[in-house]
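What follows is a short report on a single structure.
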Amino acid sequence: MTLAIELRNISKRFGSVRANRRISFGVKTGSIHALVGENGAGKTTLMNVLFGLYQPDEGEILINGESVVMATPRTAISCGIGMVHQHFKLVPSLTVAENIFLGMEKIRNGLIDTRAQEAEVAELSQRFGLAVDPAKKVADLSVGAEQRVEILKVLARGAKTVILDEPTAVLTPQEARELFTILRGFTAQGMTIIFISHHLDEVMEVSNTVTVIRDGAVIDTVSREGLTEDDLVRMMVGREVNFSRRPRTPNEGKSALRVSRVCARDGRGVPTLRDVSLDVGAGEIVGVIGVDGNGQTELAEIVAGLREPSHGMVEIAGTAAPSGDPGAARDLGLVHVPADRVRRGVDGSSTIASNILMGRQYDPEYTSAGIVLWSRVRAAAAALIERFDIRSSGPDQVVGKLSGGNMQKVVLAREFSHGAPVLLVDQPTRGVDIGAMERIHDEIMEQRDRGAAILLISAQIDEVITLADRILVLFAGRIAGEVSGDTANEDEIGRLMAGGSLIAEVAA
Amino acid sequence: MTDRSPEISDRRPLYERYEHLIGQALAILIALIGGTVLVLLIGENPLLVFATLVDGALGSPERIASSLLQSTPIILSGVAACIAFRGGLFNIGVEGQLYMGGFAAAWIGFAFQMPPVIHVIAGLLAAVAAGGLWIAIPAFFRARYGTNEVVSTILSNYVAILLTSYLTIVVFKRPGGWSETPGIAETAYLPQLMTYSRLNLGIVIAIVAAILLHLFLTRTPAGYGMNAMGRNRSFAEYGGVPIRRNTFFILLASGAVGGLAGGVETLGVHHRFMEGFAPGFGFDGVIAALLANGNPIGTIGTALFFGALRSGSLLIEVDTNASREIITVFQAIIILCVSAQILIRNRRDSTQGERRWKI
Amino acid sequence: MEDLDRIFNIALLAATLRTTAPILLVALGGTFTTKAGIFNIGLEGQMLMGAFFGVLGSIWTGSAWGGLLCGVAAAMTFAATFSLFVVTFRANEVVVGLALNILAGGLTISLTKAIFGVRGSIVNNGIVGLPRIDLPGEDLLGPLERVLSNHTPLIYVSFILVFVVWLILFRTKFGLHVRVTGEKPEAAEALGISTARMQHLASLCCGLLAGLAGVHLSLGYITMFAENMSAGRGFMAVAVLIFSAGDPGKVLAGCLLFGLSDAISLRLQSFGLSSYLVLMVPYLITLGALFALTVHQRPRIFRETLQSLNVMKEGAFASTKRKTSK
Amino acid sequence: QDKEPLKVAAISGYFSQGFGISIVEGLNRAVDELGVELKIVDTGNRALDYEEQFNNLAEDGEYDLIFVMGWELVDALTKTSDSHPDQRFIFIDGVLESENMTYIDFLEEEGSFLVGALAAELAGGKVDGFDSSTEVGFIGGRDIPVIQNFRMGMQQGIEYVDNGTELAAVFAGTFDDPAKGAELAMTLFDQGMPIVYQAAGPTGEGVLQAAAQSDGFAVGVDIDQCPSAPGHMLASMLKRADIAVYDLIEGQLAGNPVVPGTVRVGVATGGVELKICDDIADKIPASVIDAMEKVRSGIADGSIKVELGQ
Ligand SMILES: Nc1ncnc2c1ncn2[C@@H]1O[C@H](COP(=O)(O)OP(=O)(O)OP(=O)(O)O)[C@@H](O)[C@H]1O
Ligand SMILES: Nc1ncnc2c1ncn2[C@@H]1O[C@H](COP(=O)(O)OP(=O)(O)OP(=O)(O)O)[C@@H](O)[C@H]1O
Ligand SMILES: [Mg+2]
Ligand SMILES: [Mg+2]
């Protein structure tokens with residue numbers, strides 16, 4: 001059996017982060033090879049190295065047995081490698097055909113031959129069973145269609161090996177299943193697939209071989225035959241993971257956060273939230289789950305006051321929060337752990353102490369007679385660094401140089417130390433290692449135990465099952481169903497996330 | 001804007017803390033080399049030119065005072081620019097605010113009779129108000145509708161210069177005079193600091209303004225919020241800093257200080273408003289602020305440097321055959337070198353896709 | 001009314017073409033950088049360099065076309081410096097742009113003094129201006145002949161370029177890549193299109209047109225160089241670029257608006273209005289347009305609210321857009 | 001016993017523009033023919049600098065004569081002159097309050113009166129080769145007092161002829177934008193004005209070029225601008241600063257030192273005159289030439305008074 005791709009001792013570091021450490025494995029021609037590992041394990045980095053987007057610090061890449069230096073993506077493309085990125089790289093203002101032929105335009109008389117390009121896209125989409133309208137603007141496409149465009153882009157470049165980085169994260173299970181059919185079709189034509197996923201069931205369903213990466217290093221490469229999901233989990237995390245539910249206390253607090261009939265639209269006017277209502281009581285954790293792009297981001301932003309709903313309102317601790325005013329929401333007692341911590345949660349260019357102060361610069365604890373008492377801020381920061389085990393050189397460390405997980409801990413430390421009555425926690429463990437994840441979960445439980453109302457937004461089913469008292473499933477901007485935390489199981493939630501049972505269970 | 005937020009002072013190693021200073025010194029060196037080549041090109045002796053430059057800037061107490069005098073409006077314009085800059089905004093209209101403030105102060109000076117100290121204060125307040133009002137409309141549209149403030153403030157510069165000319169020449173012209181208003185009452189003069197120079201209280205006002213801004217930014221909660229806005233707008237928004245309101249008031253404050261720069265100039269130096277009384281000071285201030293990376297204390301330094309260059313260039317005109325415009329060329333080269341930070345750019349970050357300032 | 005006739009007549013159209021052309025040329029140059037995602041406030045300086053070296057080149061070579069080449073080359077040198085600092089050294093584009101503007105001012109004055117002994121303007125000295133073009137077929141054009149004929153070539157070029165630039169940006173590979181670089185650089189990089197290269201090239205294209213604009217000022221519109229003779233036209237172009245988002249059609253509209261208001265304002269003085277007030281008119285109109293356009297983008301909130309109400313009426317069972325789009 | 005050559009300095013922001021050029025011409029002639037030493041200082045346009053520049057010049061008492069031109073320098077000049085009472089300053093083109101200085105006052109309004117009279121005769125007189133019109137034009141650089149002097153003189157010249165011709169006066173708002181000057185001039189020519197007079201520095205150069213383009217006639221200012229647009233230049237209103245400056249220096253050397261007081265230079269002294277361009281002279285009917293000569297002598301002998309301040 002020939003190896004389509006072989007990686008030897010690939011290492012890549014970003015500053016102090018060692019994203020890949022001496023990674024070696026081979027991918028057989030005509031197989032579907034899965035790459036699994038925790039968030040931040042280094043999968044995307046490795047694929048970017050393979051695709052020539054990053055240069056490895058050391059190591060060698062062999063294509064069909066020949067060593068190749070992947071200087072740029074062009075080299076990779078000419079080696080027959082194509083990549084569908086985790087975050088799509090499509091240009092919204094261009095048409096499907098223009099996107100697909102970007103960089104290899106068909107030229108006639110010096111101008112781009114739109115008609116020929118569209119004809120060829122139509123032909124390709126027919127041949128591989130990927131339905132798209134070549135003349136449509138990408139801005140007007142659904143996520144699933146965008147992904148088909150990404151795949152066509154790769155095929156149009158004559159790729160023999162296709163890398164798919166978390167292709168199913170944005171898909172409904174049905175769409176995912178269609179994708180798998182297509183992928184199997186590809187291998188039948190002799191193509192090779194590398195496929196990254198967090199969904200172990202998908203991995204089990206579709207792959208021939210699995211490579212597990214942990215902390216940037218390869219744990220093992222195994223054949224799917226005879227493998228169980230539990231084996232995979234053990235290899236990924238390094239130990240048995242306790243998926244057991246946290247103890248729950250019945251909710252007797254009164255409503256502390258109420259969202260009533262909220263609607264929102266994106267820039268194009270497409271509805272992103274449709275008539276969403278929910279209620280979180282003091283001492284209760286309400287989990288909101290959904291596949292990315294089904295409205296969680298918008299919901300979180302509206303609750304935090306960062307986005308104006310086109311309709312509806314948010315009440316915090318019994319008072320209507322003025323929409324689009326995050327300061328007011330904070331004053332009413334809401335704290336927020338944002339999903340996008342790099343852009344929103346921290347100011348990377350300033351110190352931990354300075355980051356800790358945000359939102360509390362007028363707090364008499366840190367300010368007296370209109371002067372910020374930096375010594376106190378620094379002392380508080382030092383205490384929080386201790387308590388949250390933030391690995392840093394101290395309060396004066398610049399946040400931008402912290403690792404992602406530690407950055408997240410800075411955010412949590414700031415927000416959770418307010419003793420606020422309402423917590424909005426958005427994707428708290430994304431990109432956080434498993435040890436830290438447990439600590440974060442502990443902190444969230446602690447906050448609930450002291451009586452805070454917590455709205456937990458997550459894309460990970462196990463996380464909401466572990467923590468939440470009640471689980472709301474968002475699908476296409478609507479609450480597709482509510483499940484009790486005690487009785488929830490992944491199947492049921494998964495079905496709701498896919499929009500499977502809108503009719504059966506409309507949120508009360 | 002990627003270079004907009006200055007590194008905050010912290011307990012970094014000494015080298016890191018001062019690496020930008022080292023970089024700037026090297027940049028000036030490169031600029032000097034470039035300047036030398038240029039001076040040679042136009043057929044002058046570079047040593048003579050540089051020596052004359054230094055002599056003209058620092059050669060005698062009068063000349064030092066004159067350098068300080070030249071720096072005064074640049075420091076104040078620089079502080080005005082810093083305010084916007086630190087709040088993540090861009091006020092390129094300092095020039096226009098300077099004209100408006102200069103005119104307003106002069107108007108108070110010549111049109112009203114007041115007791116001594118009060119007259120000066122009234123004049124300066126009028127300058128502040130005029131500068132603030134002049135930027136109010138662009139500020140409102142920036143805050144409310146996101147209208148690009150760079151363009152609106154550039155355009156208002158033209159209008160301000162024409163408007164003050166109109167007021168000076170058509171409405172308030174001194175009979176029989178050049179294009180200038182009547183002189184202001186002596187009660188409105190900013191006191192001179194020494195007999196042999198026109199250097200006046202303005203330099204003190206300017207330095208105090210810079211220090212106050214520095215203290216405001218580093219010591220007060222509002223300054224903290226404003227600083228955060230400049231460094232990472234979404235972070236500040238998320239943290240509850242009222243972005244829109246701040247945007248409006250930051251621009252307003254920036255314009256007000258720009259107006260003050262003009263007021264200090266008319267009350268302290270010219271004792272009347274004359275058209276073309278301070279061309280280019282607003283732009284020099286903006287650049288001084290950018291070079292100091294928005295740090296008001298640093299702006300004092302860069303502005304003093306520019307003032308010395310300007311003052312030194314006067315002697316160049318007298319003692320050599322080079323045009324004093326050669327100084328603008330030096331200035332531009334220095335700015336380019338410093339902005340590029342060629343020598344100190346941290347290459348480790350180069351894999352990160354950097355977002356440029358978009359329209 | 002006789003007074004109105006004095007303003008709004010056929011000569012106004014010709015004047016509008018003339019006042020529009022220099023801004024249009026430099027703004028069209030700016031479309032390349034704007035589309036490539038660079039904010040180019042250095043247009044003024046590039047234009048001034050074009051004007052100055054246009055005149056120098058014309059004197060040296062004794063030919064207007066030699067001057068044109070020199071002017072364009074000088075402006076492109078400036079543009080290359082701009083992109084070197086902005087793209088390669090990743091310096092702040094506003095700082096670099098402003099610094100280059102200052103540099104252009106200082107350099108042209110210093111060189112004037114070094115070469116001609118005095119600063120100020122360069123007149124005569126053997127400058128050869130661009131020829132004027134008489135359109136054939138006077139009978140065909142009728143009264144339009146007065147509007148359209150007897151301009152220097154760059155006026156026609158500037159208006160033709162609107163279409164050409166549009167064609168380049170929207171119909172050629174190069175233009176497509178420039179646009180992608182500005183809109184979604186990571187998409188370009190992922191396909192092996194070097195965004196840095198595209199930005200350098202866009203900047204060079206910009207320098208080319210800005211240089212033409214400068215040459216048009218000093219060898220076309222008139223035949224001389226004067227200190228700072230670009231007189232803020234580059235800054236006006238920046239303003240037009242921002243509210244046109246760099247679309248050639250809108251750039252044309254914006255420049256025509258400014259050119260027309262400029263041409264009208266020149267005529268308004270015969271009504272006895274003070275020149276100072278009249279000269280403000282073009283800036284005020286442009287500012288007004290800028291504000292009006294940004295405000296115009298806002299009422300969407302109202303529309304969104306109405307639409308949301310409709311969504312709620314649709315009821316919970318309506319099929320979603322995402323599903324049906326499949 | 002004085003072997004040292006005479007040292008002369010001149011300071012202004014306008015040495016590159018018409019009037020300044022003619023001052024420099026006079027100074028250079030003095031250098032060539034009289035062997036004086038000359039330093040020319042360009043002030044630039046920054047008001048804050050002027051005083052320092054004067055101090056730099058006056059400090060060492062190095063210069064025997066310092067020529068100054070430009071109204072914006074007045075303040076700084078007065079101050080320096082007060083603190084250096086022995087320094088001889090000659091202010092060109094105006095009279096100030098200080099009794100310590102020498103003034104050369106050019107009567108540009110008299111020359112402009114001649115321009116107005118000529119323009120009215122030609123435009124309103126149905127002269128062959130000139131379009132007849134009820135209007136002639138004036139383009140000023142900026143609307144400032146000195147430039148208004150030109151306008152007022154021209155206005156009175158037109159009124160003196162009294163043939164129904166009127167003046168359309170406009171201002172470019174800048175001395176540095178020749179393109180705008182050209183555009184303004186084309187506007188006036190398009191409105192049917194056959195003759196346009198400019199007092200606008202480099203902006204005015206654009207006016208002259210526009211005359212050639214629009215097939216009109218322009219009148220130049222300060223120096224002989226007739227070569228700027230051959231065939232389309234009617235005349236140039238000359239302010240002979242070169243002669244005035246040279247004469248003063250020559251006098252100083254000849255033992256007739258420059259003293260405080262005012263030297264008035266106008267049509268009477270020949271320092272201000274209207275030069276009809278050679279290539280156009282034969283187109284102008286003798287009757288007009290005669291009329292102009294009458295006006296000229298009227299101004300010279302004081303029977304025609306040109307007023308300012310209207
Ligand atoms: N450009 C970069 N600069 C600095 N650090 C980076 C960069 N890209 C990735 N990293 C870091 O490298 C590590 C591996 O990241 P990578 O994106 O490869 O993880 P992943 O396995 O793909 O995670 P996920 O499942 O979340 O996609 C992380 O710690 C991440 O923070
Ligand atoms: N935004 C901030 N975040 C954290 N610490 C801050 C902040 N602003 C000021 N400080 C701290 O407060 C103290 C005083 O700040 P300040 O900037 O005035 O002093 P400094 O660092 O000596 O100033 P500089 O370096 O500008 O001369 C410093 O120790 C600094 O670390
Ligand atoms: Mg990844
Ligand atoms: Mg006079």
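The sequence lines fix the lettering, A, B, ..., with proteins before strands; numbering per chain opens at 1.
A donor and an acceptor atom, one from each side chain of A/Thr44 and A/Asp165, are located under 3.5 Å apart. A donor atom on one side chain and an acceptor atom on the other are found under 3.5 Å apart for A/Ser350 and A/Asp347. Side-chain contact of A/Arg391 with A/Asn406: a donor-acceptor pair under 3.5 Å is absent, judged by distance alone.
For chain B, the nearby parts of A/Arg343 are the backbone and the side chain; heavy atoms of each come within less than 4.5 Å.
Looking only at heavy-atom pairs under 4.5 Å with chain B, the residue among A/Glu301, A/Arg344, A/Gln55 that has the most is A/Arg344.
More than 12 heavy atoms of other residues, nucleotides or ligands shown are found within 6.0 angstrom of CG on B/Leu212.
Taken from CG in A/Leu456 to CG in A/Leu424, the straight-line distance is 9.5 Å, to the nearest 0.5 Å.
For the pair A/Pro56 and A/Met70, the minimum side-chain heavy-atom distance is 4.5 Å or more.
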Inset, instruction - Determine, step by step, whether B/Leu213 and B/Leu217 satisfy the side chain to side chain contact (heavy atoms under 4.5 Å, CB included) criterion, reporting the C-alpha distance in whole Å, the side-chain angles of both residues, the deciding distance to 0.1 Å, and the verdict. - result: CA-CA 6 Å; B/Leu213 176 62; B/Leu217 287 169; 4.0 Å; yes

Inset, instruction - Please report the C-alpha distance between A/Arg378 and A/Asp396 in whole Å, then the side-chain angles of each, then the deciding distance to 0.1 Å, and finally whether the salt bridge (charged side-chain N to carboxylate O under 4.0 Å, His left out) criterion is met. - result: CA-CA 8 Å; A/Arg378 205 172 284 111; A/Asp396 294 320; 3.0 Å; yes

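The contact list for residues 356-367 of chain A toward chain B, using heavy atoms and a distance under 4.5 Å, reads A/Leu357, A/Met358, A/Gly359, A/Gln361, A/Tyr362, A/Thr367 by residue number. For residues 411-421 of chain A, a heavy-atom distance under 4.5 Å to chain B picks out A/Val411, A/Arg414, A/Glu415, given by residue number.
Under the rule for a side chain to side chain contact (heavy atoms under 4.5 Å, CB included), the partners of A/Ala339 that lie at least two apart in sequence or sit in another chain are A/Asp426, A/Gln427. A/Asp331 pairs by the side chain to side chain contact (heavy atoms under 4.5 Å, CB included) definition with nothing, not counting sequence neighbours.
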